[in-house]
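Every chain is numbered from 1, with letters handed out A, B, ... down the list of sequences.
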Amino acid sequence: MIDTPLCNDPLPLEELAGYGLGELAGADEQRVEEHLFACEACARTAESLTSLAAGIKECVRQGRVTAAVSGGFLDRAAEQGAKIRQYRLTPGATAQCTAAPDDDFVAIRLAGEFAGFSGLAMDIAFENLDTGERGSFEADALPADQTFGEVVLLHPGGVVRGYPRSQWTIRVRGSKGPDEELFGPYILDHTPWDRLPGNQ
Amino acid sequence: MLMIEKLRAGEVREPDRIGSFVLGAARMMVHETRRRPRESPVSEHGAELPPALPAHGDPLASDHLARCLESLAERERSIVVLTYYGEQSSAEIANALGLEEGNVRIIRHRAIGRLRGCMGQREAAP
């Protein structure tokens with residue numbers, strides 16, 4: 001069993017995370033460094049945060065995580081070599097979509113006047129067009145990209161490649177004070193890559 | 001190495017200040033590294049790094065972390081992904097998502113705490 005050293009005055013996790021991200025001001029950065037230099041317990045915590053950060057990055061890179069992101073994120077990921085298939089939909093629009101064998105991610109960009117809305121929620125209904133099976137689920141507290149005016153949903157390519165021929169109907173709900181506004185529907189008509197004409 | 005040799009030879013005039021000197025030199029190296037393009041440290045040194053991370057070395061731990069990430073609230077997961085995969089600062093994330101920078105840090109802090117809890121890690125408590 002490995003003994004975990006104790007610390008009489010441990011640095012807050014938030015401060016250690018900020019230090020790891022290079023977000024601390026000069027004096028705070030120096031104070032944290034000097035503490036880490038002298039405190040094995042906090043140094044271990046800082047090390048575990050570094051490990052966690054790298055693990056998160058690897059999970060996303062391996063296509064294990066679905067998340068709402070920003071348009072800027074897509075640009076940066078593409079610059080770093082990620083292959084991202086993107087579909088941008090306005091309310092009421094339908095997109096024919098798929099995922100190619102080498103797509104790292106599929107990004108669904110739902111356009112709307114989302115500025116000023118807090119707590120966007122999303123209702124998703126799907127139908128398997130081969131079997132007729134239907135289902136639905138919802139997601140709460142989605143962030144919207146205010147620069148591009150859209151909700152950007154990042155899906156791992158491997159997950160989308162596993163979808164059957166199916167139709168997905170998405171509606172976004174936003175609250176502004178006591179009022180609720182609906183956006184959509186946004187419809188995705190998904191066909192597996194190997195069932196597209198020319199790929200069979 | 002030069003500093004260690006000088007220290008052993010008794011040629012350092014103020015040995016009590018050696019810690020400050022080493023920290024200062026390390027800080028300058030970190031600042032110099034940060035001034036370079038963000039992707040450069042990994043592309044430059046990635047091949048030299050040992051596979052010390054759960055996601056690289058232990059598929060079970062990696063599966064566990066992926067499940068922990070999926071268990072976060074949507075906004076928490078977004079900010080974690082934007083921070084650690086997108087390498088975006090809390091200011092950039094706040095600007096993109098229309099949040100206060102302080103809120104981004106709070107959400108990120110809460111998410112990290114949940115992930116650590118989910119992964120069975122704990123703080124350096126007194």
Seminar exercise, completed: Whatever's closer than 4.5 Å to a heavy atom in chain B on A:Ala53 counts as both
Exercise. Which value, rounded to the nearest 0.5 Å, describes the distance between A:Leu21 atom CG and B:Arg105 atom CZ?
Worked result: 9.5 Å
Exercise. So what's closer than 4.5 Å to chain A heavy atoms on B:Ala66: side chain, backbone, both or neither?
Worked result: both
Exercise. Cluster question for you: counting only ILVMFWY and a side-chain heavy-atom cut-off of under 4.5 Å, with indirect links fine, are A:Tyr87 and A:Trp168 together?
Worked result: yes
Seminar exercise, completed: The reported gap from CZ in B:Arg116 to OG1 in A:Thr45 (rounded to nearest 0.5 angstrom) is 5.5 Å
Problem set entry | A:Ala43 portion near chain B, given a 4.5 angstrom heavy-atom threshold | neither
Problem set entry | Parallel, tilted or perpendicular, as decided by the 30° and 60° cut-offs, for the rings of B:Tyr85 and A:Phe73 | tilted
Problem set entry | Shared hydrophobic cluster, A:Val106 / A:Phe137 (ILVMFWY, side-chain heavy atoms < 4.5 Å) | yes
Problem set entry | Salt-bridge contact B:Glu70-A:Arg64 (side-chain N to carboxylate O under 4.0 Å) | no
Exercise. Is there a side-chain contact between A:Pro12 and B:His109, using heavy atoms and a 4.5 Å cut-off?
Worked result: no
For this session: Counting only heavy atoms closer than 4.5 Å, note whether B:Leu69 contacts chain A via side chain, backbone, both or neither.
Result: side chain
Seminar exercise, completed: Closest heavy-atom pair, B:Glu74 versus A:Ala141, reported as atoms and distance to 0.1 Å, is CB-O, 3.7 Å
Problem set entry | Approximate separation, where rounding is to 0.5 Å, of A:Ser70 OG and B:Gln88 CD | 4.5 Å
Seminar exercise, completed: Here the gap from A:Leu49 atom CG to B:Tyr84 atom OH, rounded to the nearest 0.5 Å, amounts to 6.5 Å
For this session: Check whether the side chains of B:Ser90 and A:Glu23 place a donor and an acceptor atom closer than 3.5 Å, and report yes or no.
Result: yes
Exercise. Can you name the nearest heavy-atom pair linking B:Arg77 to A:Val65, along with the distance?
Worked result: CD-CG1, 3.8 Å
Exercise. In terms of hydrophobic clustering (I, L, V, M, F, W, Y; side-chain heavy atoms under 4.5 Å; direct or indirect links), are B:Val104 and A:Leu24 co-clustered?
Worked result: yes
Exercise. Just wondering, are more than 12 heavy atoms of other shown residues or ligands nearer than 6.0 Å to CZ in A:Arg165?
Worked result: yes
Exercise. Rounded to the nearest 0.5 Å, how far apart are CG of A:Leu52 and CG of B:Leu65?
Worked result: 6.0 Å
Exercise. Taking a hydrophobic cluster as the set of Ile, Leu, Val, Met, Phe, Trp and Tyr residues connected by side-chain heavy atoms closer than 4.5 Å, whether directly or through intermediates, do A:Leu188 and A:Val159 fall within one such cluster?
Worked result: yes
For this session: Among the options A:Val69, A:Val60, A:Asp140, pick out the one with the most heavy-atom pairs lying under 4.5 Å from chain B.
Result: A:Val60
Exercise. Between B:Arg75 and A:Pro143, is there a donor-acceptor pair closer than 3.5 Å when you use the side chain of the first and the backbone of the second?
Worked result: no
For this session: Could you tell me whether the side chain of A:Ile56 reaches within less than 4.5 Å of the side chain of B:Leu115, counting heavy atoms only?
Result: yes
Exercise. Which atoms form the tightest heavy-atom contact between A:Arg76 and B:Glu87, and what is the distance?
Worked result: NH1-O, 3.0 Å
For this session: Kindly work out whether a path of hydrophobic side-chain contacts (I/L/V/M/F/W/Y, heavy atoms less than 4.5 Å apart) joins B:Ile79 to A:Leu13.
Result: yes
Exercise. Is the number of heavy atoms from other residues, nucleotides or ligands within 6.0 Å of CD (A:Glu181) greater than 12?
Worked result: yes
For this session: Flag the pair B:Arg110 and A:Glu14 as a salt bridge only when some basic side-chain nitrogen lies within less than 4.0 angstrom of an acidic carboxylate oxygen.
Result: no
For this session: Evaluate the side-chain contact (heavy atoms from CB on, under 4.5 Å) criterion for residues B:Met119 and A:Ser48: first the C-alpha distance (whole Å), next the side-chain angles of each, then the deciding distance (0.1 Å), finally the verdict.
Result: CA-CA 11 Å; B:Met119 295 296 287; A:Ser48 76; over 6 Å; no
Exercise. So which of A:Gly18, A:Ala68, A:Ala115 has the largest heavy-atom pair count under 4.5 angstrom toward chain B?
Worked result: A:Ala68
